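Heads up: the structure comes next, in structure tokens.
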Amino acid sequence: MVEISKGIYYCGLHDKDRKIFDQLVPLPQGTTYNSYIVKGGLKTALIDTMYVKLRKPYIDMLSASGIVPDYIISNHAEPDHSGLIPELLEIFPNAEVLCSSKCAENLKNMLHVDAPRIREVSDGEELDLGGRRLRFIMAPWVHWPDTMFTYLAEDGFLFTCDFFGAHYTRNEVFADYTSDLAEAAKRYYSEIMMPFRSFCAKYLEKVRSMRVNMILPSHGPVYDKPEFIEKLYEDWTSPDVSRKVVIAYVSMYDNSRLMVEHLKEALAKRGVKVVLADIMDIDEGDLAMELIDAAGLVFGTSMVLTGPHPKSVYVAYLANILRPKLKFYCVVGSYGWGGKLSEPIDAMFTLTKPLKLDSVIARGKPVEEDFLKLDALADKISGLC
Ligand code: FEO
């Protein structure tokens, strides 16, 4: 446990061995689950708790501190932050859980927390700890509809739970403000926050309108220079895209590979940056990060039986749910005897609605006519970027 400021403690834990988040995004260095204690003159609050995987060290740490929380503030009911609430309520029989109404619903339904132990709070409501007031700020959709921030008004400390988080374990508590940290925050943003980009932009504006001296998220380091993470979020959430295209491809007999490599060269000649990703060796985090500012996504795929390679459909599904700012997409590839290369990919775009450009599909090994069509596609893409 580390004292951040007088009477305010960091009681999070690092999970450096964790290899993947949400069974989806690889974690190069694990992650952290942050929990905080705020002591007032009269009462003590615990803000967010712990993932059950780290139950023993967390409970041992709280026990050793001798701190008895009167309140457990749950900014978000996802189990990486709320998982130990049921056990903590047994250990601290007089503690009360404070959270949003949606969070209360989730805690009751997901973790079976007893309803009488929960008090719902509303936007702007304050909790007096004695010389210190915690203000609750509803912030739905960063990450779930239940999320809220907790603001320690006197100190200008903002506890944001998932918002502004990072899968970063190189700092004990405070941020080192390195490019590695920015990369880890970007990886985190691309999966957890990008689907809610408009909400992120809205809350970023709100945070900037407040007096915030410190941002204390529930993953990654604490920012005593909030402008670092605010500026990154400003860039990622802006409506602007780069003159950049991601080509995600899979090729069975090299025909589709020849096509995407030709397209890559044609785009490079037109000044369009291309990220060529072989999706047989996909890192979903790398792909999601590249999509943050990509103008377009090109699927390069072979026909497998009667449709595109299943990994292409998977990438389309991911792109759809992550909701990047894509302006357009298209399908490029090769087939042998028949089938529909584009339609199963098209069907994935239900939430994200990029413009669909005409496909370029060759039969077997691409010929001059196919390469000319790819040049024309490069002209079209260049005009859209
Ligand atoms: Fe870190 Fe949405 O939980």
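The residues of the chain are indexed from 1 along the displayed sequence. Note that ligands are numbered from 1 as they come in the structure, with each ligand's atoms numbered from 1 the same way. Keep in mind that what you see is a predicted model, and the values were worked out from it rather than measured.
- Between R132 and D155 there is a salt bridge, since at least one side-chain N of the basic residue sits less than 4.0 Å from a carboxylate O of the acidic one.
- Residues T178 and D180 have side chains that never bring a donor and an acceptor to within less than 3.5 angstrom of each other.
- Around atom 2 (Fe) of ligand 1, the protein contributes the following N, O or S atoms at distances under 2.8 Å: H76 NE2, E78 OE1, H143 ND1, D162 OD2.
- Ionic pairing of D114 and R117 is not present here: no N-O contact between side-chain nitrogen and carboxylate oxygen is shorter than 4.0 angstrom.
- No option in F159, Y36, F136 other than F136 meets the side chain to side chain contact (heavy atoms under 4.5 Å, CB included) test with I73.
- Salt-bridge annotation for R187 and D286: present, with a side-chain N of the basic residue lying under 4.0 Å from a carboxylate O of the acidic one.
- Between K356 and D346 there is a salt bridge, since a side-chain N of the basic residue sits under 4.0 Å from a carboxylate O of the acidic one.
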